[in-house]
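Chain letters run A, B, ... following the sequence lines, proteins first and then strands; every chain starts at 1. These values consider heavy atoms only, across backbone and side chains, with no hydrogens, waters or symmetry-generated copies.
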Protein chains: 2
Amino acid sequence: MAFARLAILPTYKVVSDTIEREILAGRLNAGDILPTETELADQFGVTRHTVREGIRILEQSGLVRREAGRRLYVAEPHYGDLAPRLSRAMVMQRVTFRELWEVSMDLEPSAAAHAAGRIDASRLAQLRANVEATEEAITAGASIIPLDVAFHILVAEAAGNRALLLAREPVTQLFYPALERLFRHPKTSAVGPRRLVEAHRRIVEALADGDAEVAREWMRKHMVDFRRGYDTAGLDLDEALDPTAAPPAAPPPRR
Amino acid sequence: MAFARLAILPTYKVVSDTIEREILAGRLNAGDILPTETELADQFGVTRHTVREGIRILEQSGLVRREAGRRLYVAEPHYGDLAPRLSRAMVMQRVTFRELWEVSMDLEPSAAAHAAGRIDASRLAQLRANVEATEEAITAGASIIPLDVAFHILVAEAAGNRALLLAREPVTQLFYPALERLFRHPKTSAVGPRRLVEAHRRIVEALADGDAEVAREWMRKHMVDFRRGYDTAGLDLDEALDPTAAPPAAPPPRR
DNA sequence: CATTGTTCGTTTGTTGGACAATTGAAATAT
DNA sequence: ATATTTCAATTGTCCAACAAACGAACAATG
């Protein structure tokens with residue numbers, strides 16, 4: 001017979017795994033304050049420094065959080081925490097615009113369709129406000145990209161599907177720089193914004209009517225327009241995304 | 001007027017950010033060996049402990065790696081590293097089977113369709129082998145779930161879209177425990193496996209013919225079957241997934 | 001009375017130095 | 001040439017200490 005390889009883990013990893021298990025098992029719930037580093041070190045029978053290394057790991061996966069200098073508490077990992085890392089992975093793997101677009105071509109129309117049956121009045125109002133703000137931004141000559149991004153997030157949230165939200169987030173984060181180049185380009189800056197806001201408006205109307213198929217179809221057209229604009233601007237669909245174009249930075253932590 | 005919040009970061013975070021920037025800027029490339037902890041500490045002018053905490057952060061995001069006890073080197077973050085964390089986030093947010101299924105209903109048929117135009121001979125052979133192995137497992141009464149998971153991964157890889165691969169990975173990881181319960185259930189264990197392998201076979205044929213629409217359609221049917229089985233087994237679509245059902249564990253690291 | 005300064009105990013952030021365990025490679029013996 | 005045995009380098013862990021920041025309570029100031 002033969003023994004399997006032993007899973008020998010460094011102590012700091014054992015520490016983080018142990019705390020993680022308690023959280024996932026529900027014995028520690030979101031919001032609970034964890035013991036201090038010194039107490040944890042005493043309880044585990046290790047040095048405080050080892051505990052700290054374990055905590056760094058947990059922080060990174062979003063399971064625990066600390067407002068700098070203050071006590072540690074259990075948190076629910078939010079997709080916002082994970083999306084930047086996914087985006088980075090895609091950048092480093094030289095993912096192309098075409099790949100991102102293909103995925104969005106599946107997820108965005110589907111999000112619109114699901115949203116049609118589930119959207120509530122509050123979010124519908126937010127979407128309407130977003131469309132108006134976009135029109136104002138166009139006449140004012142301001143950037144409409146943050147508004148566009150916000151529009152799509154609102155639709156995805158209205159779809160009431162957190163798995164969908166999680167799947168689309170890193171993809172659309174990477175669209176950001178591409179969008180900027182697109183709308184600065186002379187060939188697309190003329191009609192592009194008008195077509196965009198027209199599509200947005202139609203989608204909102206369809207959502208208000210609860211018409212899933214119309215919502216899906218206009219979102220699909222909207223995405224096709226996006227790709228066409230990319231073509232028209234002379235950008236290469238199969239080129240890796242700009243590695244320097246980092247995703248929008250998170251606000252500095254409270255301290 | 002008002003000042004913006006100061007971005008005061010702890011030293012270990014500055015350390016990890018600094019190294020991260022070098023990697024993302026391409027001045028450090030995958031495979032490069034980093035200086036030793038002591039050297040890093042000297043260069044940055046901080047203690048080795050501080051450097052170590054920074055390293056823990058980088059390791060966690062997959063940018064650097066170390067085979068236990070050995071030197072640190074730059075690595076390309078792989079989605080395989082990130083998917084488990086996404087799955088965990090979904091579990092903690094009490095994502096339901098319905099949400100996962102909706103996303104898969106978009107991504108899996110689309111993956112099949114894309115694969116139809118892009119699959120190569122080698123992967124096609126792997127898929128054929130997978131289907132045969134699945135049939136053998138059925139007659140032998142063994143579990144077909146690992147084979148099913150492998151089948152879908154193969155199709156997704158054949159689609160030649162890394163963003164798609166990344167988006168679907170955490171979702172299907174969470175299907176694993178649901179699949180197990182499904183195929184152990186008396187009502188589905190009788191015909192379920194036969195229908196599954198039939199669908200798989202049709203999909204492979206369509207891929208071999210390069211027929212995207214047939215591939216998409218059979219994958220869609222396959223996914224509908226999955227959901228129907230879930231219903232038939234009397235499981236609740238809108239119940240949160242089992243938090244104890246952890247995603248399959250990674251093999252222990254070499255040491 | 002609202003704001004500002006002071007004090008104090010608690011907890012995190014950082015430093016110093018130390019040593020065991022492991023690894024990779026060089027040196028030695030077979 | 002192949003094992004085996006050193007040996008220096010490097011990581012993993014520990015111990016002890018102190019600076020920095022925070023929360024709260026309270027005094028001082030205008």
Side-chain angles (χ1 to χ4, degrees), chain A residues 3-20 28 31-75 251-255, chain B residues 1-20 28 31-75 251-255:
Chain A
F3 289 104
R5 173 173 295 278
L6 290 177
I8 297 170
L9 297 173
T11 313
Y12 59 80
K13 186 75 175 128
V14 177
V15 167
S16 70
D17 285 352
T18 304
I19 298 176
E20 175 180 328
L28 282 171
D32 289 0
I33 304 275
L34 287 176
T36 68
E37 295 179 353
T38 320
E39 281 169 352
L40 285 174
D42 285 346
Q43 293 179 20
F44 287 129
V46 300
T47 298
R48 209 181 118 221
H49 184 68
T50 306
V51 170
R52 282 176 66 82
E53 292 194 33
I55 289 174
R56 290 293 102 70
I57 295 177
L58 291 173
E59 275 182 339
Q60 202 60 10
S61 48
L63 286 176
V64 306
R65 207 167 302 223
R66 111 176 327 147
E67 265 106 60
R70 289 216 263 305
R71 290 283 295 272
L72 211 59
Y73 62 91
V74 179
R254 278 178 284 156
R255 179 146 196 169
Chain B
M1 74 149 298
F3 288 104
R5 175 173 295 280
L6 292 176
I8 296 169
L9 297 174
T11 312
Y12 60 80
K13 185 75 177 135
V14 177
V15 168
S16 69
D17 285 351
T18 304
I19 298 176
E20 174 179 329
L28 281 172
D32 289 1
I33 304 271
L34 287 175
T36 67
E37 296 180 352
T38 320
E39 280 168 355
L40 285 173
D42 285 346
Q43 293 180 21
F44 287 129
V46 299
T47 303
R48 196 157 74 90
H49 289 314
T50 308
V51 170
R52 282 176 67 82
E53 293 194 32
I55 289 174
R56 289 294 102 72
I57 294 176
L58 291 173
E59 275 182 338
Q60 201 59 10
S61 48
L63 286 175
V64 307
R65 205 169 302 224
R66 114 175 323 147
E67 266 106 57
R70 292 224 245 333
R71 289 285 293 274
L72 211 59
Y73 62 93
V74 179
R254 278 177 287 152
R255 179 141 194 171

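- Residue A/T47 has no polar side-chain atom (N or O) positioned under 4.0 Å from OP1 or OP2 of D/dT13.
- Side chain of A/T47 to main chain of A/T50: no donor-acceptor pair is present (N/O by atom type, distance under 3.5 Å, no hydrogens or angles).
- Residues B/E59 and A/K13 are not paired through a salt bridge, judged by the lack of any N-O separation under 4.0 Å between the basic side chain and the carboxylate.
- No N or O donor and acceptor, one from the side chain of B/H49 and one from the base of C/dG13, sit under 3.5 Å apart.
- Using a 4.0 Å heavy-atom cutoff across all strands shown, B/T36 reaches sugar-phosphate atoms only and no base atom.
- Following rounding to the nearest Å, B/L72 (CG) and D/dT11 (P) show an atom-to-atom distance of 8 Å.
- Atom CG of B/D42 is separated from atom P of D/dT10 by 12 Å (rounded to the nearest Å).
- You won't find any donor-acceptor pair under 3.5 Å spanning the side chain of B/R48 and the base of C/dG17, going by distance alone.
- Distance B/I8 CD1 to D/dA19 C1': 15 Å, rounded to the nearest Å.
- C/dT10 atom P lies 17 Å from atom CD1 of A/I33, rounded to whole Å.
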Go through the steps to decide whether A/L28 and A/L34 satisfy the test side-chain contact (heavy atoms from CB on, under 4.5 Å), and finish with yes or no.
-> CA-CA 9 Å; A/L28 282 171; A/L34 287 176; 3.7 Å; yes
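- Residue B/T38 places none of its side-chain N or O atoms closer than 4.0 Å to OP1 or OP2 of D/dA9.
- Distance from the side chain of B/E37 is smallest to D/dG12 among D/dG12, D/dC15, C/dT14.
- In this structure, CD in B/Q43 is found 11.0 Å from OG1 in B/T38, a value given to the nearest 0.5 Å.
- When rounded to the nearest whole Å, the span between CZ of B/R66 and P of D/dA9 equals 18 Å.
- Distance check: B/H49 NE2 to A/R52 CZ gives 10.0 Å after rounding to the nearest 0.5 Å.
- In this structure, of D/dG12, C/dT12, D/dC14, it is C/dT12 that holds the atom nearest to the side chain of A/R52.
- In this entry the distance linking CD of B/E39 with P of D/dT11 reads 9 Å, nearest Å.
- Checked against C/dG24, D/dT13, C/dG13, the side chain of B/R70 finds its nearest nucleotide in C/dG24.
- As a whole-Å value, the separation of B/F44 CZ from C/dT15 P is 13 Å.
- Put simply, A/T50 has no side-chain N or O that comes within less than 4.0 Å of OP1 or OP2 on D/dG12.
- Phosphate contact (OP1/OP2 of C/dT14, side-chain N/O of B/T11, threshold under 4.0 Å): present.
- The nearest whole Å value for the distance from the CD atom in B/E53 to the C1' atom in D/dG12 is 14 Å.
- Across all strands shown, B/R71 has heavy atoms under 4.0 Å from sugar-phosphate atoms exclusively, and none from any base.
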